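None of these values were measured; they are calculated from a predicted model. Residue numbers begin at 1 in each chain, while the letters A, B, ... track the order of the sequences.
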Amino acid sequence: NAGVTQTPKFQVLKTGQSMTLQCAQDMNHEYMSWYRQDPGMGLRLIHYSVGAGITDQGEVPNGYNVSRSTTEDFPLRLLSAAPSQTSVYFCASQGPAAEETQYFGPGTRLLVL
Amino acid sequence: GEDVEQSLFLSVREGDSSVINCTYTDSSSTYLYWYKQEPGAGLQLLTYIFSNMDMKQDQRLTVLLNKKDKHLSLRIADTQTGDSAIYFCAESIGGYQKVTFGIGRKLQVIP
């Protein structure tokens with residue numbers, strides 16, 4: 001199993017550009033989520049999904065869209081990038097029980113100029 | 001949302017014990033987790049404790065939970081240089097696996 005994969009690993013955008021951060025998992029997990037990690041602020045939940053076709057907002061959803069057309073994929077879209085979205089983005093997936101571990105991807109480092 | 005508080009830095013000598021503390025504010029949490037993040041990598045779950053437990057030991061790791069004070073700690077015995085990382089406490093606060101993370105504590109192990 002590849003686990004959770006994310007692409008790209010690093011991206012530079014100009015303000016106003018759009019892009020999609022890709023996330024995929026091969027563990028047949030229903031639950032997937034996106035976090036952003038900023039210095040001194042830990043991880044903050046952006047959006048999450050409890051299964052194909054179902055998404056919901058986390059703590060900091062503004063400026064981001066998600067969709068879940070398949071169990072495997074959970075892309076995160078930035079429609080109009082802003083410097084405040086400079087961060088490291090992590091995708092995670094988890095099995096159905098709360099004690100199961102969240103598997104994190106390696107992260108995407110995004111710089112918005 | 002609820003807050004999970006952690007202070008930032010800890011430096012210990014190799015072979016000593018490390019204790020990393022965390023304070024959370026939501027008494028309705030069900031599971032409390034400790035994650036480790038090595039440089040340039042995602043988070044890895046180290047251990048977790050269910051909210052009706054006071055202590056859990058897993059090899060070099062001991063988790064203590066004080067629900068009255070909403071205090072969670074992680075003790076690492078015989079700390080090794082490979083333990084150098086950022087450690088996050090986290091809790092599930094309801095809903096479907098919604099997890100709230102603390103800001104992280106950087107552990108530096110001095111050889």
Student: Report yes or no: do A:Phe90 and A:Leu21 belong to one cluster of Ile/Leu/Val/Met/Phe/Trp/Tyr joined by side chain heavy-atom distances under 4.5 Å?
Tutor: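 Per the 4.5 Å side-chain linkage, A:Phe90 and A:Leu21 are not co-clustered.
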Student: Under a 4.5 Å heavy-atom cut-off, does chain A meet the side chain of B:Gln44, its backbone, both or neither?
Tutor: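 The answer is neither part of B:Gln44.
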Student: Applying the 4.5 Å side-chain criterion to the ILVMFWY set and letting contacts propagate, would B:Phe101 and A:Tyr64 be lumped into a single cluster?
Tutor: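 No.
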Student: Under 4.5 Å between side-chain heavy atoms, hopping through other hydrophobics if needed: is there a path connecting B:Leu107 to B:Leu64?
Tutor: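 Different clusters: B:Leu107 never reaches B:Leu64 through Ile, Leu, Val, Met, Phe, Trp or Tyr contacts under 4.5 Å.
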Student: How long is the span from the CD atom in A:Gln37 to the CZ atom in B:Phe88, to the nearest 0.5 Å?
Tutor: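 It comes to 4.5 Å.
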Student: Rounded to the nearest 0.5 Å, how far does CG of A:Leu45 lie from OG1 of B:Thr100?
Tutor: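 CG of A:Leu45 is found 8.0 Å from OG1 of B:Thr100.
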Student: For A:Arg44, does the CZ atom have more than 12 heavy-atom neighbours from other residues, nucleotides or ligands under 6.0 Å away?
Tutor: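 Atom CZ in A:Arg44 is packed in, count exceeds 12.
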Student: Is the shortest side-chain heavy-atom distance between A:Tyr35 and B:Val99 below 4.5 Å?
Tutor: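 Yes. Closest side-chain heavy atoms under 4.5 Å.
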